[in-house]
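Predicted, not measured: the structure shown is a model, and the values here were computed from it.
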Amino acid sequence: MFSLKVHNFVNGEDVGCPHRATLREVFESMKKQGKGYAILFKDSVPVGIITERDLIRLITEGISLDEEAYNYASKGLI
């Protein structure tokens with residue numbers, strides 16, 4: 001499996017969202033920042049990542065954008 005470390009992405013300009021954010025909020029943050037992913041944080045610690053590809057898959061599966069993003073995020077960050 002391909003593995004990247006979170007610090008390779010996080011540089012202060014990346015999309016960060018609270019871990020309780022909805023998929024809709026994450027999508028809006030990604031769109032606003034022009035990034036294809038968002039890192040979810042809990043108490044300033046990265047706890048998940050979600051990508052545009054994840055969002056597209058979830059939408060095609062009929063998942064509501066009002067669901068919590070953390071439930072669908074990849075959590076094996078490091």
Practice task
Report yes if some heavy atom in the side chain of Glu61 is under 4.5 Å from a heavy atom in the side chain of Leu58; otherwise report no.
Solution key: yes
Completion exercise
Interatomic distance, CG@Leu23 vs SG@Cys17, rounded to 0.5 Å, equals 10.5 Å
Exercise for the section: Look at the side chain of Lys42 and the backbone N and O of Leu40, then say whether any donor-acceptor pair between them is shorter than 3.5 Å. Expected result: no
Practice task
Hey, could you give me the CZ/CD1 distance between Arg57 and Ile63, rounded to the nearest 0.5 Å?
Solution key: 8.5 Å
Handout entry: Over 12 foreign heavy atoms within 6.0 Å of CZ, Arg20
Key = no
Exercise for the section: Kindly write out the residues that satisfy side chain to side chain donor-acceptor pair (under 3.5 Å) with Thr51, not counting sequence neighbours, or none if the list is empty. Expected result: Asp54
Completion exercise
Closest heavy-atom pair, Val47 versus His19, reported as atoms and distance to 0.1 Å, is CG2-CB, 3.8 Å
Practice task
Using side-chain contact (heavy atoms from CB on, under 4.5 Å) as the criterion, list what pairs up with Ser64, not counting sequence neighbours.
Solution key: Asp66, Glu67
Completion exercise
Correct closest heavy-atom pair for Ile49 and Tyr37 would be CD1-CD1, 4.1 Å
Problem - Atom of Val26, atom of Ala69 and distance for their closest heavy-atom approach - result: CG2-CB, 3.6 Å
